[in-house]
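Structure first, commentary second.
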Amino acid sequence: MANLEAIRHSASHVLAQAVLRLYPTAKLGIGPAIDNGFYYDFELPTPLIPEDLIKIEAEMKSIIKENLPLIKETLSKQDAMKRLQASGQTFKQELLADLPDSEAITFYSQGDFSDLCKGPHAAYTRDIKAFKLQKISGAYWRGKESNPMLQRIYGIAFETKDELAAYLTLLEEAEKRDHRKIGKELDLFSLQDKAGAGLVYWHPKGARIRHIIESFWKDEHFRNDYELVNTPHIGQSWLWETSGHLGFYNENMYAPMKIDDQDYYAKPMNCPFHILIYNSSLRSYRDLPLRWAELGTVYRYERSGVLHGLLRVRGFTQDDAHIFCTPEQMENEIFEVIRFSKSILSTLGFDELSFYLSTRPEDSVGDPARWEQAENALRKALSMEGITDYQVDEGGGAFYGPKIDIKIKDALGREWQLSTIQFDFNEPERFDMTYIGSDGNKHRPFMIHRALLGSIERFFGILVEHYAGKFPFWLSPEQFRILTINDSEATLNHAKSTLDHLKCLGFRGTLDDRNEKLGLKIREAQVQHIPFALIIGDKEAQASQIALRKRGEQSTTLLSLDEVEALFKGLQTQKVN
RNA sequence: GCCGAUGUAGCUCAGAUGGUAGAGCAAACGAUUCGUAAUCGUUAGGUCGGCGGUUCGAUUCCGCCCAUCGGCUCCA
């Protein structure tokens with residue numbers, strides 16, 4: 001694999017060489033290997049257009065054909081600087097200036113191209129056997145908005161042509177599953193461009209799925225000893241001053257609205273409201289832990305350029321909960337959240353999870369001893385759950401507390417972060433939260449924020465892509481559709497009574513008794529990914545049977561209504577496909 | 001917000017170097033009664049994203065705005 005990384009890195013050098021050949025005045029930024037490929041940043045006299053990639057790619061191919069050796073040179077910092085000054089590579093000079101004086105500086109060159117780089121690289125350009133330039137984008141020099149924007153060219157590279165082809169197939173598959181596309185095709189949701197960017201409209205079928213997920217979510221919370229709370233969408237400014245959001249989260253909050261001469265803010269988070277409920281009465285250690293969950297809709301300002309379908313929006317519903325507990329309880333609380341999260345995610349179709357622990361950053365608030373206690377609780381809970389292969393991001397926690405994030409892998413092997421379990425040492429202080437301990441004194445409770453799905457909108461987008469719109473039976477907005485073959489009285493009667501029966505049992509379905517050919521009706525049911533087509537004609541009516549055709553299958557099975565009912569009930573309770 | 005691209009019928013898309021636009025699917029209506037992924041016909045449907053400018057005339061050229069797409073940055 002290190003080899004592959006070297007190949008990708010070398011591909012980026014070849015890209016830079018090709019660009020310099022075509023645009024001799026180009027200035028080079030950075031050009032690393034990344035997942036699946038590489039990129040290189042350039043400052044160019046003109047903007048690149050997609051057709052330019054074809055030319056650049058052709059130039060790269062000829063460089064590869066020349067089979068130039070990639071040669072490593074070691075220079076002193078002074079000599080390196082001289083070389084970069086000679087070539088006029090100002091960005092590279094900046095990079096070099098930041099390197100320690102004592103360090104030996106390495107350059108890699110192939111042919112007439114030479115680049116400041118720590119390597120390693122492939123031996124010859126011919127080692128780059130399978131690559132493709134993908135796209136052009138803007139990228140700030142060193143990722144800073146105050147810096148000039150460079151033009152970034154992305155490419156993908158693999159060891160073999162087959163692997164490259166497989167990756168391209170994966171990209172195609174991802175495109176087919178794009179939740180924005182499927183959302184339109186299945187009429188699940190929309191974003192109304194004239195009514196505001198990043199605001200989601202759930203259509204009946206999408207809203208139905210959402211309802212199923214939310215009902216399941218609520219039931220499971222009650223079963224797991226949570227209580228539900230509901231809180232307002234707006235709150236007065238003192239709340240956000242007290243919580244600190246107006247200080248550190250201001251950029252993400254919308255301007256206030258005036259009500260009776262008071263400033264009210266749309267909530268970007270639910271926590272201050274839950275804290276108000278906590279503070280509404282005196283709490284004893286006997287009351288703890290308190291676990292309060294809410295599907296709370298929040299509004300956050302996101303810059304226009306980052307909005308993306310359901311995955312990045314401006315108004316969304318968090319499946320939020322806050323746990324208030326004593327120091328003795330927190331370990332078990334964390335453990336329970338992890339267990340609960342695993343169970344919810346698994347039922348919703350995600351079994352491959354990975355765990356990430358983030359610890360105290362340099363700038364943090366709260367008692368260091370509490371941080372340590374909390375971090376230990378997180379580690380212990382993970383090991384109690386038998387999770388040993390989690391990754392640790394030292395210093396990667398929020399300023400107010402350490403956390404565990406859980407990522408899932410979808411059907412295409414892509415990772416998404418869903419659950420997050422986060423300590424908060426900031427807000428309990430700021431709101432002066434207390435409970436009376438067994439010693440009769442006031443103590444500060446531990447506060448844990450947690451979301452299992454993250455946001456309902458984002459989760460739904462991921463779910464659509466995971467299932468490619470073919471939702472399992474229990475989640476399908478339309479679980480079955482009865483298709484009539486003709487409009488004889490016997491057929492229609494049998495179809496209608498079947499529909500009534502199944503609907504009475506709580507199953508979701510419709511009757512397609514249009515005067516259309518069966519082939520068309522089947523096609524439409526398939527295109528809509530309806531789990532079962534129940535086909536009824538005179539033969540079925542006479543025998544009191546139903547020809548059941550499962551989604552994606554060509555064959556049908558003749559069943560009695562009782563048998564269909566049993567099948568459906570089984571799928572519904574087991575929550576499987 | 002920034003870089004680049006895009007915005008034509010409900011959907012997917014075509015089109016004119018400035019003279020107000022089409023196709024397929026969907027829709028409505030009619031015919032067809034047809035057993036496992038698309039029956040046929042007719043009709044209707046568009047201030048060509050919005051506003052302003054240039055022009056005799058703008059969907060086409062220019063400017064601004066909005067939205068979308070790919071990234072940067074950021075995050076649920």
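The chains referred to below are lettered A, B, ... by the order of the sequence lines, with proteins before strands, and numbering in each begins at 1.
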A:R549 side chain near B:rA37 phosphate (N/O to OP1/OP2, under 4.0 Å): yes
Please state the P separation for the pair B:rA5 and B:rG52 - nearest whole angstrom. 26 Å
In whole angstroms, how far is the P atom of B:rA67 from the CZ atom of A:R314? 7 Å
Can you tell me whether the side chain of A:E302 and the base of B:rA76 have a donor-acceptor pair closer than 3.5 Å? yes
If you assign A:Y301 and A:V527 each to the RNA chain B nucleotide with the nearest heavy atom, which residue ends up on the more 5' nucleotide? A:Y301
A:P47, nearest nucleotide to its side chain (from B:rG49, B:rG4, B:rA38): B:rG4
Tell me if the CZ atom of A:R208 is crowded by more than 12 foreign heavy atoms within 6.0 Å. no
Looking at the side chain of A:I485, which of B:rG1, B:rG35, B:rA67 is the nearest nucleotide? B:rG35
A:K184 vs B:rG10: side-chain N/O to OP1/OP2 distance below 4.0 Å: no
Could you check which of B:rA76, B:rA37, B:rU39 has an atom nearest any side-chain atom of A:R312? B:rA76
Can you tell me how far P in B:rC40 sits from the matching atom in B:rA26, rounded to whole Å? 10 Å
For a quick test of reading the model, state the closest non-hydrogen atom pair linking A:D35 to A:R8 and the distance between them. C-NH1, 4.5 Å
With a cut-off of less than 4.0 Å, is there a side-chain N or O of A:Q554 near OP1 or OP2 of B:rA37? yes
Per atom distances to the A:L520 side chain, the nearest of B:rU39, B:rG35, B:rG70 is B:rU39
So, is A:R180 close to the B:rG70 phosphate, meaning a side-chain N or O under 4.0 Å from OP1 or OP2? yes
Check: A:R300 side chain, B:rC75 base, donor-acceptor under 3.5 Å: no
A:L518 CG - B:rU33 C1' separation (whole Å): 13 Å
If I take atom CD1 in residue A:I522 and atom C1' in nucleotide B:rU36, what distance separates them, rounded to the nearest angstrom? 3 Å
Please give me the minimum heavy-atom distance between A:E563 and A:L558, naming the atom from each residue. OE1-O, 4.5 Å
Value in whole Å for how far the C1' atom of B:rA31 lies from NZ of A:K517: 13 Å
Ignoring the backbone of A:Q526, work out which of B:rA76, B:rA37, B:rU68 is nearest its side chain. B:rA37
Between B:rG4 and B:rC64, how far apart are the two P atoms, rounded to whole Å? 13 Å
If you measure from the C1' atom in B:rA23 to the same atom in B:rA9, how many Å do you get, rounded? 11 Å
In whole angstrom, give the distance that lies between atom CG of A:N147 and atom C1' of B:rG71. 17 Å
Let me know the distance between CG of A:L150 and P of B:rC3, rounded to the nearest Å. 13 Å
Using the rule given for side chain to side chain contact (heavy atoms under 4.5 Å, CB included), can you reason through A:Q151 versus A:E43, listing the C-alpha separation, both sets of side-chain angles and the distance that settles it, and then say yes or no? CA-CA 6 Å; A:Q151 298 192 64; A:E43 188 179 74; over 6 Å; no
If you measure from the C1' atom in B:rC75 to the same atom in B:rA21, how many Å do you get, rounded? 44 Å
Distance below 4.0 Å between A:S304 side-chain N/O and B:rG1 OP1 or OP2: yes
5'-most contact on RNA chain B: A:G143 or A:T420, nearest heavy atom basis? A:G143
Under 3.5 Å, is there a donor-acceptor pair linking the side chains of A:E294 and A:H274? yes
What interatomic distance, in whole Å, is found between P of B:rU6 and the corresponding atom of B:rU20? 25 Å
Between atom NZ of A:K132 and atom CE of A:M60, what is the distance when rounded to the nearest 0.5 Å? 12.0 Å
Side-chain donor/acceptor of A:Y140 to base of B:rG71, under 3.5 Å: no
May I ask you to verify whether the side chain of A:R458 and the base of B:rA76 hold a donor-acceptor pair under 3.5 Å? no
Please pick, from B:rA37, B:rA76, B:rG1, the nucleotide with the shortest atom-to-atom distance to any side-chain atom of A:F316. B:rA76
Return the value, rounded to whole Å, for the distance between atom CD of A:Q151 and atom C1' of B:rG71. 12 Å
Expressed in whole Å, how much space separates the P atoms belonging to B:rA76 and B:rC2? 24 Å
Are A:W202 and A:F316 close enough that their ring centres sit under 6.0 Å apart? no
Base, sugar-phosphate or nothing for A:R303? Non-hydrogen atoms, less than 4.0 Å. base
Nearest-angstrom distance, P atom, B:rU43 to B:rA37: 32 Å
Any side-chain N or O of A:Y39 under 4.0 Å from OP1/OP2 of B:rG71? no
Can you tell me how far P of B:rG10 sits from CD of A:E185, to the nearest Å? 18 Å
Ring-face cation of A:R360 near A:F399 (centre distance under 6.0 Å, axis angle within 45°): no
Please tell me if A:H449 has a side-chain N or O lying less than 4.0 Å from either OP1 or OP2 of B:rA76. no
